[in-house]
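For reference, the structure discussed in these notes is given below.
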Protein chains: 2
Amino acid sequence: MDKRKAILEAAVELIAEKGYTHTSMQQIADSVGVSKGSLYTFFPSKEDLIISIYEHYQQLVFERAFVVGLDGNLPPYERFAKQFQVQFEGILEYKSYMKMHMRGESAQSSEKLEGMGHRMRGRLFSWLERNLIGLYGEEITPYKWDLMWMTQSIYTSYTGLMITSESDLAPDQLGKHLVRQIDILAKDYLSGNSSPLLDDEMMRPFSVGMDREGAFTSFAKRENAWKSLYESIHQHKQSNYYLEVTDRISEESRKSTPDEIVMRGLFHLLKSEETLSEKAQLLEEQLLPPSN
Amino acid sequence: MDKRKAILEAAVELIAEKGYTHTSMQQIADSVGVSKGSLYTFFPSKEDLIISIYEHYQQLVFERAFVVGLDGNLPPYERFAKQFQVQFEGILEYKSYMKMHMRGESAQSSEKLEGMGHRMRGRLFSWLERNLIGLYGEEITPYKWDLMWMTQSIYTSYTGLMITSESDLAPDQLGKHLVRQIDILAKDYLSGNSSPLLDDEMMRPFSVGMDREGAFTSFAKRENAWKSLYESIHQHKQSNYYLEVTDRISEESRKSTPDEIVMRGLFHLLKSEETLSEKAQLLEEQLLPPSN
DNA sequence: CGTAAAAATGACTATTGAGTCAAGCACATT
DNA sequence: AATGTGCTTGACTCAATAGTCATTTTTACG
């Protein structure tokens with residue numbers, strides 16, 4: 001049993017409920033069923049614990065959407081919606097983490113956490129930007145900040161709604177809804193009816209050089225592996241078939257407990273095609289524990 | 001000098017910056033320049049202190065918009081925008097309080113604070129509802145929750161932007177912007193292009209019976225005083241003149257340090273008209289300290 | 001002034017909770 | 001069985017800080 005993971009999960013649960021400061025290491029220990037001292041073999045301090053929590057969950061939630069974005073099979077508008085949908089599904093799955101995250105209150109703003117938050121925000125915005133420009137072309141640029149900001153507001157508040165209320169908002173409906181609202185607003189801007197309020201200058205704090213080094217190394221590697229695999233597939237004559245296989249891998253990998261055997265099988269299909277073998281191997285290494 | 005107020009202000013400042021748990025009573029005392037013991041002559045506990053902060057500021061921020069809403073002089077659309085504008089101006093004025101509020105982290109969710117938050121949310125929603133129905137009529141009802149929710153998201157996130165970034169977003173522009181976005185979305189709903197996602201059932205936690213008893217007694221009294229004064233004025237043949245005077249009072253009362261003499265003079269004008277005298281007197285008592 | 005009431009003080013208490021560590025324990029290897 | 005390795009424990013230290021209270025200072029007023 002992975003005790004480290006168990007501690008992370010128990011901690012998330014407790015912190016989501018009562019907040020960081022009102023959750024003591026003792027309570028976490030009790031909840032996992034180990035002694036307080038034991039926690040300190042896994043995490044050097046309470047602050048390191050919460051940082052680890054963020055590291056553990058953030059990419060889980062965000063990576064899902066990223067991978068969907070790579071697949072060129074869907075038309076842009078639907079793909080955008082699908083990405084939100086997948087994001088919302090992730091939120092539902094990691095409800096407690098999200099609750100904790102939204103409470104916001106954590107260690108007295110450590111350097112490390114702040115950097116991470118900053119990077120996540122930047123990542124979100126650059127993802128939104130990519131999608132907006134994909135949908136509306138470069139003309140949207142002057143309005144991009146306004147649109148991105150509103151999208152982010154609405155997205156965040158629906159997230160809040162999902163995790164607090166018992167009501168079951170359907171992720172796919174929410175995704176479509178969101179994209180539809182963005183579309184209406186974008187078209188209004190493009191028709192020249194409204195003028196933008198936000199610009200690069202005032203949004204500087206939110207535009208992050210995405211090349212920055214950080215805590216997401218492993219994520220970045222996986223990101224690249226996906227990307228290059230999808231690229232190779234698109235060059236392939238039988239791309240449709242391999243896309244289907246890869247999408248199935250993506251779907252499986254998004255589950256909280258992916259079926260390893262299924263994934264090995266799917267990867268085997270890809271690797272049997274010589275031109276894809278190498279890339280598939282790379283991704284497999286990123287997603288699955290080394291087979292012994 | 002009002003020491004109680006000084007303590008509240010110092011506390012807000014510190015808590016906005018470092019959070020509730022990381023601000024000690026000692027630090028607050030030091031910052032005001034009194035001893036720790038002294039704090040306890042004004043506030044029985046740290047928790048009472050933060051509750052008093054909320055009580056002190058919340059109505060300041062919200063009441064502004066309410067009063068603008070009473071004046072029937074402006075056309076609905078502009079009035080709506082003006083209300084947001086006034087709200088945003090308030091936010092700018094009480095930046096630190098807003099920062100503190102948005103941090104969210106406070107005493108381990110006391111009954112009293114939770115109730116207050118709930119009431120504020122309810123108040124916001126019922127205010128939005130009134131405005132939406134005023135603008136679009138009863139037909140908007142099926143879409144009201146979606147619209148209100150989105151409005152609230154965007155509003156909140158612009159609030160956040162105002163208080164964090166140094167950039168000077170102009171409250172009047174923001175107000176217009178917000179109402180314009182709402183309008184676009186509302187028209188889309190009314191044209192039958194989109195269907196709503198939220199309904200009464202799932203939004204029940206947000207619909208508050210506004211008749212509930214609470215911490216806003218003094219606010220409620222003032223609210224009624226305004227309301228009945230405006231009503232009387234509208235029945236008056238020379239209503240335009242008196243509206244102008246009353247609007248001027250409203251404007252003055254919104255300032256952080258209203259000019260008492262000016263207000264006394266304005267009230268005098270109203271009171272000299274017999275049919276308004278009584279209502280004006282009532283409001284004056286609510287807004288100004290008893291003249292000795 | 002002088003005196004009493006009110007307000008302010010800061011040393012003190014009591015509690016909480018993060019982090020340490022020496023001793024104990026479980027399990028694998030030889 | 002003996003030895004070693006690393007995990008686990010919980011009693012302990014230590015710092016932070018909410019809240020108290022006997023004493024001092026200020027104010028108010030005859």
Side-chain angles (χ1 to χ4, degrees), chain A residues 1-56 100 103-114 292, chain B residues 1-56 100 103-114 292:
Chain A
M1 217 266 282
D2 189 350
K3 209 163 270 182
R4 192 189 138 94
K5 209 175 150 201
I7 295 171
L8 287 177
E9 277 166 12
V12 161
E13 216 69 41
L14 287 168
I15 296 175
E17 199 190 325
K18 314 170 345 147
Y20 177 77
T21 30
H22 297 106
T23 302
S24 69
M25 292 300 260
Q26 188 60 64
Q27 286 167 340
I28 297 172
D30 290 351
S31 152
V32 192
V34 298
S35 71
K36 185 152 73 105
S38 258
L39 297 189
Y40 286 88
T41 44
F42 295 97
F43 307 95
S45 74
K46 193 182 181 187
E47 189 170 335
D48 277 83
L49 170 59
I50 199 161
I51 288 173
S52 299
I53 290 174
Y54 275 102
E55 277 171 349
H56 181 73
M100 178 195 112
R103 271 178 154 270
E105 169 235 5
S106 54
Q108 60 272 43
S109 43
S110 80
E111 287 277 300
K112 213 172 167 188
L113 261 190
E114 232 158 63
N292 48 342
Chain B
M1 217 267 284
D2 188 351
K3 208 162 274 185
R4 193 189 137 92
K5 209 175 151 201
I7 294 171
L8 287 177
E9 278 167 12
V12 163
E13 217 67 42
L14 288 169
I15 296 174
E17 202 190 321
K18 314 170 346 146
Y20 177 77
T21 30
H22 296 106
T23 302
S24 69
M25 291 301 260
Q26 189 60 63
Q27 287 167 339
I28 297 171
D30 291 350
S31 153
V32 192
V34 298
S35 70
K36 184 154 71 108
S38 260
L39 297 189
Y40 287 87
T41 44
F42 295 96
F43 307 96
S45 74
K46 196 183 180 187
E47 188 168 335
D48 277 82
L49 170 58
I50 200 161
I51 287 173
S52 299
I53 290 174
Y54 275 103
E55 276 171 352
H56 181 74
M100 178 194 111
R103 271 177 154 269
E105 171 233 6
S106 54
Q108 58 273 44
S109 43
S110 79
E111 287 278 299
K112 213 173 169 187
L113 263 189
E114 232 158 64
N292 46 343

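Proteins get letters first, then strands, A, B, ... in listed order; numbering begins at 1 in each.
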On the nucleotide dG10(D), are OP1 or OP2 found under 4.0 Å from the side-chain N or O atoms that Ser35(A) carries?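 Indeed not, no polar side-chain atom of Ser35(A) lies that close.
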Tell me whether the side-chain N/O atoms of Lys46(B) come closer than 4.0 Å to OP1 or OP2 in dA18(D).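 For dA18(D), OP1 or OP2 has a side-chain N or O of Lys46(B) closer than 4.0 Å.
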In this structure, how many angstroms lie between the [atom2] atom of [N] and the [atom1] atom of [X], rounded?
{"X": "His22(B)", "N": "dA15(D)", "atom1": "NE2", "atom2": "P", "result": "18 Å"}
{"X": "Leu39(A)", "N": "dC21(C)", "atom1": "CG", "atom2": "C1'", "result": "16 Å"}
{"X": "Ile28(B)", "N": "dT9(C)", "atom1": "CD1", "atom2": "P", "result": "15 Å"}
{"X": "Lys36(A)", "N": "dG17(C)", "atom1": "NZ", "atom2": "P", "result": "10 Å"}
{"X": "Asp30(A)", "N": "dT8(D)", "atom1": "CG", "atom2": "P", "result": "16 Å"}
{"X": "Tyr40(B)", "N": "dC12(C)", "atom1": "OH", "atom2": "P", "result": "18 Å"}
{"X": "Ile50(A)", "N": "dG19(C)", "atom1": "CD1", "atom2": "P", "result": "13 Å"}
{"X": "Gln27(B)", "N": "dT17(D)", "atom1": "CD", "atom2": "C1'", "result": "10 Å"}

Any base atoms under 4.0 Å from [X], or only sugar-phosphate, or nothing? Heavy atoms, all strands.
{"X": "Ser24(B)", "value": "sugar-phosphate"}
{"X": "Phe43(B)", "value": "nothing"}
{"X": "Thr21(A)", "value": "nothing"}

Quick check on DNA chain C: between Gly37(B) and Pro44(A), whose nearest nucleotide comes earlier from the 5' end?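 Residue closer to the 5' terminus by nearest nucleotide: Gly37(B).
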Relative to the 5' end of DNA chain C, which residue comes earlier, Gly33(B) or Ser45(A), by the nucleotide with the nearest heavy atom?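 Its nearest nucleotide being more 5', the pick is Gly33(B).
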For [X] and [Y], indicate whether the former's side chain and the latter's backbone hold a donor-acceptor pair under 3.5 Å.
{"X": "Lys46(A)", "Y": "Tyr20(A)", "answer": "yes"}
{"X": "Arg103(A)", "Y": "Glu17(A)", "answer": "yes"}
{"X": "Lys36(A)", "Y": "Ser24(A)", "answer": "no"}

Would you mind reporting whether Leu8(A) and Phe43(A) have side-chain heavy atoms less than 4.5 Å apart?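 Yes, side chains in contact.
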Any idea which heavy atoms bring Gln27(A) and Thr23(A) closest together, and the distance?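 Heavy-atom minimum between the residues: OE1-CA, 3.4 Å.
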